[in-house]
Amino acid sequence: MATQATGGRINQDFVDANPESQVLHARARDALAGGVTHDVRIHEPFPVMIERASGSRKWDVDGNEYVDYTMGHGALVLGHTHPIPTNAAIEQLQRGTHYGASHELEIEWAEQVRSMMPSVERIRFTGSGTEATLMAIRLARAHTGRDRIVKFQYHFHGWHDYSHIAQSDPLDVPMSPGIPQAVQDTVTAIPTDLDRVREELAKGDVAALLIEPTGAAWGAMPVEASFVQALPALCREHGTVFVLDEVVTGFRLAPGGAQQLYDIKPDLTTMAKILAGGLPGGGVGGRADILERLEMRGDPAWDRGQRMAHPGTFNANPVSAAAGVAVLQHIADGAVHAQMDAVAARLRKEIQDVFDRHDLGALMYGESSYFHVSMTGTPMRNGLAGAAGAGLRRALHTHGVHIMTGGGLLSAVHTDEDIGRTVEAFEASVQDLEADGLVAS
Ligand code: PMP
């Protein structure tokens, strides 16, 4: 990984604006594996180091201010340091961070989720979204007595062995080494084509079908709602557990997530991010007859044969529960969603106008409170993957806007002023791309 920018105005401006981040990154490379703690934070020539955040903004160690569209990878629906989760978490921190025991807040948290997502008859909390999808797969296998999982090509369900399969090109190579062939053989990844779904489910050996409801990579490769709506009945017909992965969409697309918008009832829903109010946490919710497989019955035949075991030190830890309850209660009436969606729609339109004015052929798209950018003009998994896309993201940094690898997410506290700044930053960044010859001018 280069740490020194090599020519070009965009690189030079980035390096000039971030001397302290560059120094810290040199330290990070020595101490942190790969220099970062999450793959999406890899950024050439080095990532900026953030010092504090508030509302829709964050500031780095060089004093640069950003309008933030990473929003805690989608977890911060009320923005940074919002008083509702912050005060709930502080109060809970003072009462105890871990009781090593059951507590009322976890019940309240479960009840709150249930009131917002009627498909959730029971829930079990986990430490993360990855643990949630892993757990849903284990539950489905235990429930059906089948091994095979069907997922969709490019869909992301976390980083455990099963979800790293067919996540990005080349689809026949897992995202990572270290995934046994025997594990790979239990996962079939198919395109979003109903005939292919029917064909696989008809074989009668599929434990679970998993999908990201708005399409791969939180909608970067959109699917039709009608496609998702056809899946529950097909799964029911073939005795397959239908798992809706609402880790991103849950509580974001609507108070009840994508399943509310699409009017569908999954067998199991996986969730995380907004669920825990911006703190770590996840969960699997759904049909009581499946989740009751976690119940200890005192009958050895059940407990050691039928029952799914599930420990986890930080499951439903009181601090995450407190923040989660506070945020979910606050957003339950949908007012926040209407506001975020309206601001995001304006953002998408105005940035598309910038692209069009410059005849860039790029596409700004998305739904609800998120957006994706594709420099090719076609929806794709990471539309900023090429040199022009990387240049755009780097230039946006310099002009005070931080987006994720292929797009970004808004919160309830992003304002018209943020949008104005963002549109100006896109305008300036496109001009930089033209000046550097990364796009035609
Ligand atoms: N499923 C989906 C759809 C996700 O987007 C993610 C993370 N972005 C996960 C699962 C994994 O969640 P976590 O990062 O909390 O492990």
Less than 4.0 Å between a side-chain N and a carboxylate O, is that true for E199 and R196?
-> yes

Kindly say whether Q306 contributes a backbone atom to a donor-acceptor pair with the side chain of R293 at under 3.5 angstrom?
-> yes

Is there side-chain contact between D341 and L410, with at least one heavy-atom pair below 4.5 Å?
-> no

Using modelled atom types only, decide if a donor and an acceptor are shared between the side chain of S21 and the backbone of M49 within a distance under 3.5 Å.
-> yes

Could you give all pairs that pass the side chain to side chain donor-acceptor pair (under 3.5 Å) test and reach residues 312-327, with sequence neighbours left out?
-> N317-S320

Has the side chain of Y365 got a donor or acceptor atom that lies under 3.5 Å from a matching backbone atom of G377?
-> no

Can you find a side-chain donor-acceptor pair between K58 and H402 that sits under 3.5 Å?
-> yes

Do S56 and D418 get their side chains close enough for a donor-acceptor pair, meaning under 3.5 Å?
-> yes

Please check if the distance between the ring centroids of F314 and H98 is under 6.0 Å.
-> yes

Pair S226-Q229, side-chain donor/acceptor within less than 3.5 Å = no

Residue that, paired with P266, satisfies side chain to side chain contact (heavy atoms under 4.5 Å, CB included) out of C235, P232, S119 = S119

Expected output: side-chain H155 to main-chain E212 donor-acceptor under 3.5 Å | yes

Using modelled atom types only, decide if a donor and an acceptor are shared between the side chain of E224 and the backbone of V228 within a distance under 3.5 Å.
-> no

R236/D267 salt bridge by N-O under 4.0 Å criterion | no

Within 6.0 Å of CD in Q181, more than 12 heavy atoms from elsewhere = yes

Pair D195 + R198, salt bridge at N-O below 4.0 Å = yes

May I ask you to check whether T269 and Q259 show a side-chain donor-acceptor distance below 3.5 Å?
-> yes

Residues R287 and D289 bridged, charged N to O under 4.0 Å = yes

Does S54 reach the side chain of W59, with side-chain heavy atoms less than 4.5 Å apart?
-> yes

Looking at the rings of H414 and Y69, which for Trp means the six-membered one, are their centres under 6.0 Å apart?
-> yes

Does the side chain of S368 come under 3.5 Å of the side chain of R252 through a donor N or O and an acceptor N or O?
-> no

Do F46 and L24 have side chains that get closer than 4.5 Å, going by heavy atoms?
-> no

Donor-acceptor pair, H143 side chain versus T240 backbone, under 3.5 Å?
-> no

Please say whether more than 12 non-hydrogen atoms of neighbouring residues, nucleotides or ligands are located less than 6.0 Å from CG in D263.
-> no

Any side-chain heavy atom of D39 within less than 4.5 Å of one from T405?
-> no

Heavy atoms of other groups near R27 CZ, more than 12 under 6.0 Å = no

